[in-house]
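Quick notes on the structure that follows.
Keep in mind the model is a prediction, meaning the values are calculated, not measured.
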Amino acid sequence: MEINNPIFIKIKELGIKNSKREELREYCKLKMEEMLPVLSRRIICSDAADLLNCLFNGLSENCAISARNKVKVIDIVLQTMRKESTSIRHCSEVVSRLCLELSRMPADDLVTWCDDSVQSIVEDADVNMIWRDVLPECLYVLASHVNIKHCGTVMTTTEYKEQCVRTLCQCRWKEGQLVQLAAMFKDMQLNRNDHKQVVNKLCSYMTDISLENLPPLVYQLLKLCKTNNVEIVMAHLSHYFNGRLYSKFEPPPQDSEATTIDIDDIAESNSVELCLCLSTCIYNITQGLTELETIRKHLKAWPKTQLLRAPFLIDVALALSDKGPEFKGVCLNVIKSAIEHHIMDELRRKESAWSRSVLPPDVDVTNMLKVLTTESVNQVNLTAMGLINLALSLLSVSRAKPTAQACWSYGKLILVRVSKLILETAPYILTQLGDRLAGDSNQPQYADCLQVLCKLAPLSVERCSQLRTIIENCQPSGNDYTTAAAVLDTVHPLLNFSIKIRDTLIMFCSKGLYSKDSVHRCLSLSGLLSVLRHLRVSRSTFSSSDSVSEQFSAHSYLTQLSVDLHATQQGDVVTSRVRNVAMCLEVLSIMRRCLVQDAAVKQLLYTKLYYCAKEKNTLHETILETLYEHLNKYLAESEDEGPPLLLHKCVQVTATGATLVEPISYLLYAIAEFIQPVEDEDLEDILGSPSADTGSALLKSQLTYIMEKLCKSENLGVIDLEDPGLSDLTPESKAKCLKVQQILQCYEALVAYKIMQWVPSSADIAASIYSLYKSCNQLLEQLKAPPKTGKKGSKPLNETRETEKSQKSQKSQKKSKGPVKLSNLTKDRAGPFKPLPCLWDLGLCHRVVELLYNESVPWTSLEERNYLRGRRDFHRWALRCILSVLSSDHIEKQQVASHVTKIAAILYKRCISRFQDMCDFDDQTTLSCLEVFKACLTLLFSSNYSLKMDSFLRSITDLSEVSDATHIAAVLEQILEALQQAAAESVEEEPEAIGKKITTVLVQTAAFLLDVPVLHSTEMTNILIKLEEYIRISKQDWLPMLPALLAAGCRDQQEAQLLDELLTKITAVLGRIDEEDTSAGESEEPSSFPIVDSRSGHTVLAHVCTHLGQRFRYVDHLLQRARDLTVALALATPTHLQRIDRELTELYKCIVVQLCSLTTWVSQCCKLRCNPGAGSERVLAVAVRLLALLSTLARHLPPSIALHLRFERLLKLCGKKFSTVTDNLITYLEGSQQQQNASKVLRDTKLIPRLVLEAEQFSKHVILLANKGNLNYQQYLSLGTARDFRIKAPVLQEALNARGEPSVDENSDNDEQININDAATEILGSDNERDGSEEETSPKKRQRLL
């Protein structure tokens, strides 16, 4: 065997001893011929590296023979290692020792070995891939030579290296070679072009590479791209994982080729292996193999339109966001801006048909976030913290942005899924939410997020102490406690199973009731009411609550042990619902303290108590008993003719004012709610509690007697309105105002009580309700009576008119202050009396609307119902009360979704659809119905509630399986018919004020519905055509509807004709700037739009400018997308390159077509004789905005795309023609400012310099674009203004002669007084135009020098 060859044994014996180095050299010379034939077999042995070391030491003599022998040895070793398969360690040791000798070898041999290495790569003939170390080392040694000879050609070493790289990139590489090739190229020190070529070549193989080979390849690629071309690697990695792991994010295929995304069908891999591969790649990226600053820079510049299509890049950004503050801000902002851009794309699709035609369907962000959060389980240390910070960043979006609601929803989704999947993140999430809730309580999105967390991830957040900290730190903001109360209400999903949260909340609220601040007490009461509302109890747990309530009243707070003790005193088994009943009774005992606190706390208690306890029948007896005892304090003891209510106890009079201490009206309303008959009471519950009537029924009967007594009382509203009057500033007057307000609300509460008690068997109840209304209305009429005039004559002498005149004359003569009057220091009267808002709730409002307008009312008889339906004054009063309720700021979402929808449905079917019948009944009632319907629509479409349009629109229109646009079109159809009927009546009769108000409300309602962004439908198109025809012929005031109609037409791509006709009309009524005689156009005035005249024409012009400004925003959004796609084109992989190119071309085509239309419309606006000031500012603003967009287009438009667009037609419109129009507009505005002061002139013409600047910028960028593409665009542009500021003597002398001034000598001291703004400008005018007065000098007309 060769390992026992005596030659090699002898060489190793001599080689290990430095003292025998000469003997080794002689022995190697002697045995070289015998050793070379057997060296190839010996080199594969395990000690080959040691043998080579000894052998090379023996050939180290500097002579030609030793050099040739060394070359032979290296050749044999290289050939052997390429053919024989060895272990990695053995190959590495041999090649490493071999490479140490390459630096001493001749250049020709090095070139040969380089060629052999390249050839072995091409042919895949190297089983050990030793070229990975040999080729870089040979090229490195060759770099020290200036020239080399290769294949008979002399070339530089740099050229030879480029040739080797080019040869390698032209061949087909095997998958097993990729990792070693990447490592080899890393050591070759490539130039920029070769480096990019190699990286692209390596990344092109990622599509077909196996999962086990991808991480090592990525590792080597990251080291290869440490400073350059890392974006190419990121793009290909993104494409790799998109096809395998994120393919579900791709939008569905579309009919248009421009919006179709081509993705190769790739066999699905094991998800576990994919996740592991993904985690490894992200880990390698974040460990600094490539400069993290470089990756951050590329992520910041990554196209926003493509980032959401590359979830891998989002994962990388999330992982990098945890590397420090500088990375966190950039990486999270990149993802957030991409999400906001996606949301704006969706909004623009809804708002503009042009945008909808070119914006392709994008990814589903919700699904993407779901998968990212799911994958975060496998990457807890990489992306979980980044996801949480991203969610908090999305939640921090300002509510003023149109993207706020969607961003908040995405943030909530992320936090909920992360907290459910990774339980360890819940404490950090709650800590962050708590800090934000404590920092700014005016941001409701954080409270909503906490509620969603408690509802959807209760097990994750319940165990966290941070949740209890949030409850304990909850504080009101100023005088508003509603946001803080919403925070306390967020934990209600946990109350029924979390003892800790429930005890913490009750303890916090119990302490808060002892606060000195009324706002804190209201907050605490809100928390207790939330507990009472959401605790689930059994309806028949206790048969009687007498003993239980007495036992609970002694406790201020119950521990769980005491609750269990009280709940089991009857021998029942302790269940959760039994325990909850005991807890609710304890909460009621705590809330008894509210009855001795201020009026704000009592009003909150009375308002919310029934809503929180209406489904808990076991608590009603305790509540009724409490309310009965409290009401008796304010009832008269005797039943004589005196007033039944002791209103003087409800108001506390002090030395400086009066304060309401008991809102008696809200107390009566709460009692009415609790004693109303139950429609569908459970028979089983009644039979199961035979003693229920003994307590609750008795209290109900007693309270019903009291309420009936109040309804029949004639002295409820009797009050002395004479002296002191309600408008005085005395404490007695303030107390009387409070009493009158309470009396009015008491009448509302009694009317509500009667309506609640109304059943089919009720007799004379309608007459009783109408009687209560008449008493209330009579009191209101008394309040409207004018005050006595006798008191005005009792002024002191110094306050009479004659004395005032004399004082004014003395002041003007002496120029000094007159005597100070007492009436000037203090007012003797307050403002007019204002009644309080109606105290009804939305449930009662729905019942009233149902009573007055619904076709079938099952809870009343026909005679009783018709008694009230025939009373017009009652209709007006009831609708006014309902409108007051709908105008409240604090209406819950559930009530809006149920009661407001029902009210709107009744009014639509019975009032809007039967408009003529309503008008025949009463015009004022019709107006009130329209106002209530409009208020209902405002609430239903409000973004504060985020209701689904399909649900409430289906209930209103009673149409099924149709789109939202069809629903709105149906409502608009009825409103249009109402407008036409109102117009027909106004033609027959002279329109009254009430008729104009009805028309105004109808137009406002139509405008509101037209502003709702819905997708296209045939019905919507038809109604838009009808509305356009209506405004063409109508003489009603439809101007408030014009902006919404134009916006709706833009969504349907049919506003062009209407805009053209409107501009033609206002051109006829306002005149044009370039017309000599404006009377010529009056005879040609079109007959359409009869209400547009010389006054309203300016309003129409303002609406048109506003609409054009909105259209500019759409174009600007498309331009931003085009710029983004241009960047994406440079980073796109080959599979996406064609798609992005087609999309970019179509996008620019759409932009050019839109700008052609917009240029025409803006040009027509600039030709009009607008009013200097606000009118001219709007026109100048749209002109400036147009030129800015044109400049942006010319700056970013690629010359290759410009050749295929209709860009020359756009230049014809916005070049010389538009320049002439703007010059005329500037001349007109400057000429109209002759008699104005300087400040007004500056204010009205401040946009003119900006207009000139934008025009010059546009011309500059068009010229640069023409130079890039060798195009002749300058022929369409106007010549620029000469801006030479040198003083030219001939021009100066001519200007002075024109102004009639003497010549100025060059050495004169008056040189500084000459004001020449532009030396290349002539000042035209006659000699007699200047009269020597600077104040009367008119501005001179300027003319450009060509």
Side-chain angles (χ1 to χ4, degrees), residues 717 740-741 743-752 754-755 758 765-785 832-842 844-854 857 860 864-888 900 903-904 906-938 978 981-982 985 991-1002 1004-1005:
V740 172
Q741 288 175 344
I743 290 173
L744 292 174
Q745 285 196 327
C746 284
Y747 279 122
E748 294 173 356
L750 293 176
V751 171
K754 282 294 186 180
I755 295 176
W758 201 329
I765 192 169
S768 176
I769 292 174
Y770 188 71
S771 176
L772 290 170
Y773 152 69
K774 292 298 291 184
S775 300
C776 177
N777 189 60
Q778 183 179 358
L779 180 58
L780 284 173
E781 293 297 329
Q782 294 177 6
L783 298 175
K784 293 179 182 179
F833 174 80
K834 294 182 180 179
L836 295 175
C838 183
L839 49 74
W840 294 352
D841 63 354
L842 286 175
L844 183 70
C845 292
H846 170 233
R847 193 174 177 90
V848 171
V849 172
E850 185 181 20
L851 171 65
L852 295 178
Y853 304 108
N854 204 13
V857 186
T860 181
E864 293 288 332
R865 180 188 65 184
N866 291 339
Y867 182 86
L868 284 180
R869 289 194 175 185
R871 311 289 176 172
R872 295 179 176 85
D873 50 353
F874 182 80
H875 280 262
R876 300 171 186 171
W877 177 78
L879 291 171
R880 187 167 63 249
C881 292
I882 294 171
L883 187 61
S884 174
V885 175
L886 293 174
S887 302
S888 176
V900 175
I903 294 173
I906 294 174
L907 292 178
Y908 173 73
K909 296 171 185 175
R910 306 296 298 173
C911 301
I912 308 298
S913 300
R914 302 174 58 186
F915 177 78
Q916 190 60 49
D917 296 338
M918 285 297 300
C919 290
D920 294 340
F921 173 71
D922 182 44
D923 288 338
Q924 187 62 45
T925 302
T926 304
L927 175 62
S928 300
C929 285
L930 293 174
E931 290 176 343
V932 171
F933 181 71
K934 180 175 176 292
C936 291
L937 292 180
T938 304
Q981 292 173 4
E985 291 182 359
E992 301 177 354
I994 186 65
K996 294 181 179 178
K997 291 181 180 179
I998 290 175
T999 301
T1000 301
V1001 176
L1002 286 171
Q1004 291 175 353
T1005 306

Worksheet entry | side-chain contact (heavy atoms from CB on, under 4.5 Å) between V849 and R910, worked out | CA-CA 10 Å; V849 172; R910 306 296 298 173; over 6 Å; no

Practice prompt. Quick one: do K997 and D923 satisfy salt bridge (charged side-chain N to carboxylate O under 4.0 Å, His left out)? Show the steps, please.
Written response: CA-CA 10 Å; K997 291 181 180 179; D923 288 338; over 6 Å; no

Worksheet entry | Check: R880 main-chain N/O paired with S884 side-chain donor or acceptor under 3.5 Å | no

Item to complete: Tell me, with the steps shown, if Y908 and L937 meet side-chain contact (heavy atoms from CB on, under 4.5 Å).
Response: CA-CA 11 Å; Y908 173 73; L937 292 180; over 6 Å; no

Fill in: R865 versus L851, closest heavy-atom pair with distance
CG-O, 3.5 Å

Worksheet item: Distance from I998 atom CD1 to E931 atom CD, nearest 0.5 Å?
Response: 9.5 Å

Worksheet item: Is there side-chain contact between N777 and D873, with at least one heavy-atom pair below 4.5 Å?
Response: no

Worksheet item: Can you tell me if N866 uses its side chain to pair, donor with acceptor, with the backbone of R869 under 3.5 Å?
Response: no

Worksheet item: Where the side chain of S887 meets the backbone of L883, is there a donor-acceptor pair that is under 3.5 Å apart?
Response: yes

Response to the item:
CH2 of W758 to CD1 of I765, rounded to nearest 0.5 Å, is 6.0 Å

Worksheet item: Where is the tightest heavy-atom contact between A766 and Y867, given as atom of each residue plus distance?
Response: CB-CD2, 3.6 Å

Fill in: Point-to-point distance, once rounded to the nearest 0.5 Å, from CH2 of W877 to SG of C838
6.5 Å

Fill in: Main-chain N/O of A767 paired with E864 side-chain donor or acceptor, under 3.5 Å
no

Practice prompt. Assess the pair H875 and Y773: is the distance between their ring centroids shorter than 6.0 Å?
Written response: no

Worksheet item: Can you check side-chain contact (heavy atoms from CB on, under 4.5 Å) on C911 and T926, steps first, answer last?
Response: CA-CA 8 Å; C911 301; T926 304; over 6 Å; no

Worksheet item: Measuring from L927:CG to T1000:OG1, what's the distance to the nearest 0.5 Å?
Response: 9.0 Å

Item to complete: Identify the heavy atoms of W840 and C845 that sit nearest to each other, and give their distance.
Response: CB-SG, 4.2 Å

Fill in: Step-by-step side-chain contact (heavy atoms from CB on, under 4.5 Å) determination, L930 to F915
CA-CA 10 Å; L930 293 174; F915 177 78; 4.2 Å; yes

Response to the item:
In terms of heavy-atom contacts, L907 and F933 come closest through CD1-N, 3.9 Å

Worksheet item: Side chains of C881 and E748: does their closest heavy-atom pair fall under 4.5 Å?
Response: yes

Worksheet, complete the sentence: Sorted by chain and residue number, the side-chain contact (heavy atoms from CB on, under 4.5 Å) partners of Q778 (sequence neighbours excluded) come out as Q782

Discussion item. So, taking the atom named CG in L772 and the one named CD1 in I755, what distance separates them when rounded to the nearest 0.5 Å?
Written reply: 10.0 Å

Worksheet item: Y770 ring centre to R871 NZ or CZ under 6.0 Å, with the angle to the axis within 45°?
Response: yes

Practice prompt. Taking all non-hydrogen atoms of both residues into account, name the closest pair between S768 and K754 and its distance.
Written response: OG-CE, 3.2 Å

Item to complete: Kindly give the heavy-atom pair with the smallest separation between V885 and L842, and that separation in Å.
Response: CG1-CD2, 3.9 Å

Worksheet item: How would you list, by chain and number, every residue that makes a salt bridge (Lys or Arg N to Asp or Glu O under 4.0 Å) with K934, sequence neighbours excluded?
Response: none

Worksheet item: How long is the gap from CZ on F921 to CZ on R914, to the nearest 0.5 Å?
Response: 11.5 Å

